[in-house]
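Some notes on the structure that comes next.
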Amino acid sequence: MPDADLDIIRGEALTRDAALLADVVREAGALALSLFRTELKSWTKGKSSPVSEADIAVNDLIETRLRAATPEYGWLSEESADDPSRLGKPLTWIVDPIDGTRAYLARQEDWSVSIALVADGLPVLGAVFAPASDEFFFATRGRGTALNGAPVAPAPGAAIDFPKIAGPKPLVERLGGMREGESLHPRIGSLALRLVRVAEGRLDAAFAGGHSRDWDLAAADLIVHEAGGEMTTLAGERMVYNQTDVRHGLLVAAGRARHAHIVKHFRENPIL
């Protein structure tokens, strides 16, 4: 990011927005948790994406709080109609009020609230909160990543330990070397939560299968990078957010040495 762009997010404004984000994410998580495992109306949007009245209630809370405090910022949320004016904003909130709605409706605990603040296409603040398991990941650009207030780092090394890798099995199997009877890490319903568990070293690597959107990724992207990891396309390219098209392809997150090993493998063995 050029120095001129850094002026947008420098100093007191970034500290203020970080405090605001932490408060709002915790409040949103508390609301989602209060509705968890209750009887909820739900429906399907698009071809197969579930949404519930809890998603809408949490989205409304986040939007009310953040837009009132930062009316000049853009807004992009999975559960809001897209406002193209966000494309002209130097700062934009990117929100997934409940990431992992299927898990949420199935009364499983692996869902999260995921919010990022993006400056000219790159995340500068990121929060992923899993209220059911009380995991609060937070990152500020240039200031590191914390889990429940304590610094974290990805698992070191480049070895591939399949039980510590999460993602679509057909994709991960393309790495080769998976032994008979060996299993991947159990599925994690929230993609954001899957990715940020790389930042704390619980997972060695996590893959996204090619159907993700900005709101699934932006907060996790910063959290992984600020912890000392990498999160890119399989070709090693960084994601840019708050574009006209918010869709993303196949992705991998891992500690730097392991990430380099995985990207090298896919460059030499591309998926056609």
Got a second to check how far [X]'s [atom1] is from [Y]'s [atom2], nearest 0.5 Å?
X: I223; Y: L195; atom1: CD1; atom2: CG; answer: 9.5 Å
X: D216; Y: H211; atom1: CG; atom2: NE2; answer: 11.5 Å
X: D55; Y: D60; atom1: CG; atom2: CG; answer: 11.0 Å
X: T64; Y: E27; atom1: OG1; atom2: CD; answer: 10.0 Å
X: L125; Y: L222; atom1: CG; atom2: CG; answer: 7.5 Å
X: R197; Y: S190; atom1: CZ; atom2: OG; answer: 8.5 Å

Quick check: does any side chain N or O of [X] sit under 3.5 Å from a backbone N or O of [Y], one acting as donor and the other as acceptor?
X: T70; Y: L66; answer: yes
X: S52; Y: A54; answer: yes
X: H265; Y: H261; answer: no
X: E226; Y: G142; answer: yes
X: Q243; Y: Y241; answer: yes
X: D99; Y: S112; answer: no
X: E135; Y: A130; answer: no
X: R258; Y: I160; answer: no
X: N148; Y: D134; answer: yes
X: R267; Y: A235; answer: yes

Q) Can R26 be said to sit on top of F136's aromatic six-ring, NZ or CZ under 6.0 Å from centre and within 45° of the ring axis? A)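 That pair qualifies as a cation-pi contact.
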Closest non-hydrogen atom pair, [X] against [Y]:
X: A57; Y: L31; result: O-CD2, 3.7 Å
X: F36; Y: Q108; result: CZ-O, 3.1 Å
X: M178; Y: E182; result: CE-O, 3.1 Å
X: A68; Y: P71; result: O-CD, 3.7 Å
X: A166; Y: R194; result: CB-CG, 3.8 Å
X: R102; Y: P50; result: CG-CG, 3.4 Å

Count I, L, V, M, F, W, Y as connected when their side-chain heavy atoms are under 4.5 Å apart, and connections chain through other members. Are [X] and [Y] then in the same cluster?
X: V128; Y: L21; answer: no
X: L33; Y: I115; answer: yes
X: L40; Y: V51; answer: no
X: L217; Y: L234; answer: no
X: V252; Y: V172; answer: yes

Within the structure provided, determine whether [X] and [Y] are in side-chain contact (heavy-atom separation under 4.5 Å).
X: E63; Y: S80; result: yes
X: R213; Y: H248; result: no
X: E200; Y: F137; result: yes
X: I188; Y: L203; result: yes
X: E78; Y: S49; result: yes
X: T15; Y: R143; result: yes
X: L171; Y: I271; result: yes
X: I262; Y: F207; result: yes

Q) Got more than 12 heavy atoms from elsewhere within 6.0 Å of NZ, K45? A)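 Yes, because the 6.0 Å sphere around NZ of K45 holds more than 12 heavy atoms from other groups.
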**Q.** More than 12 heavy atoms of other groups within 6.0 Å of K164 NZ
**A.** yes
Q) Does the pair E39/R107 count as a salt bridge with the N-to-O cut at 4.0 Å? A)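 Salt bridge between E39 and R107, a charged N being under 4.0 Å from a carboxylate O: yes.
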Q) Does D221 pair with R238 as a salt bridge, N-O distance under 4.0 Å? A)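 Between R238 and D221 there is a salt bridge, with a charged N closer than 4.0 Å to a carboxylate O.
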Q: Begin with the C-alpha distance, continue with both residues' side-chain angles, and end with the deciding distance and a verdict on side chain to side chain contact (heavy atoms under 4.5 Å, CB included) for L251 and S212.
A: CA-CA 9 Å; L251 307 172; S212 54; 4.0 Å; yes
Q | Parallel, tilted or perpendicular: rings of Y104 and W111 (30°, 60°) | A |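 The rings of W111 and Y104 stand perpendicular, inter-plane angle above 60°.
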Q. Do the rings of Y73 and W93 sit parallel, tilted or perpendicular, given the 30° and 60° boundaries?
A. tilted
Q.
With no hydrogens and no angle check, just 3.5 Å: does a side-chain donor-acceptor pair link R174 and N269?
A. no
Q | Test log, rule side chain to side chain contact (heavy atoms under 4.5 Å, CB included), inputs R37 and E109 | A | CA-CA 10 Å; R37 294 173 177 161; E109 295 188 349; 3.6 Å; yes
Q: For side chain to side chain contact (heavy atoms under 4.5 Å, CB included), just list the numbers for D204 and F162, CA-CA rounded to whole Å, side-chain angles, deciding distance to a tenth of an Å, and then say yes or no.
A: CA-CA 9 Å; D204 282 353; F162 286 99; over 6 Å; no
Q: Please lay out, stage by stage, how V95 and W215 fare under the test side chain to side chain contact (heavy atoms under 4.5 Å, CB included).
A: CA-CA 5 Å; V95 176; W215 44 77; 5.9 Å; no
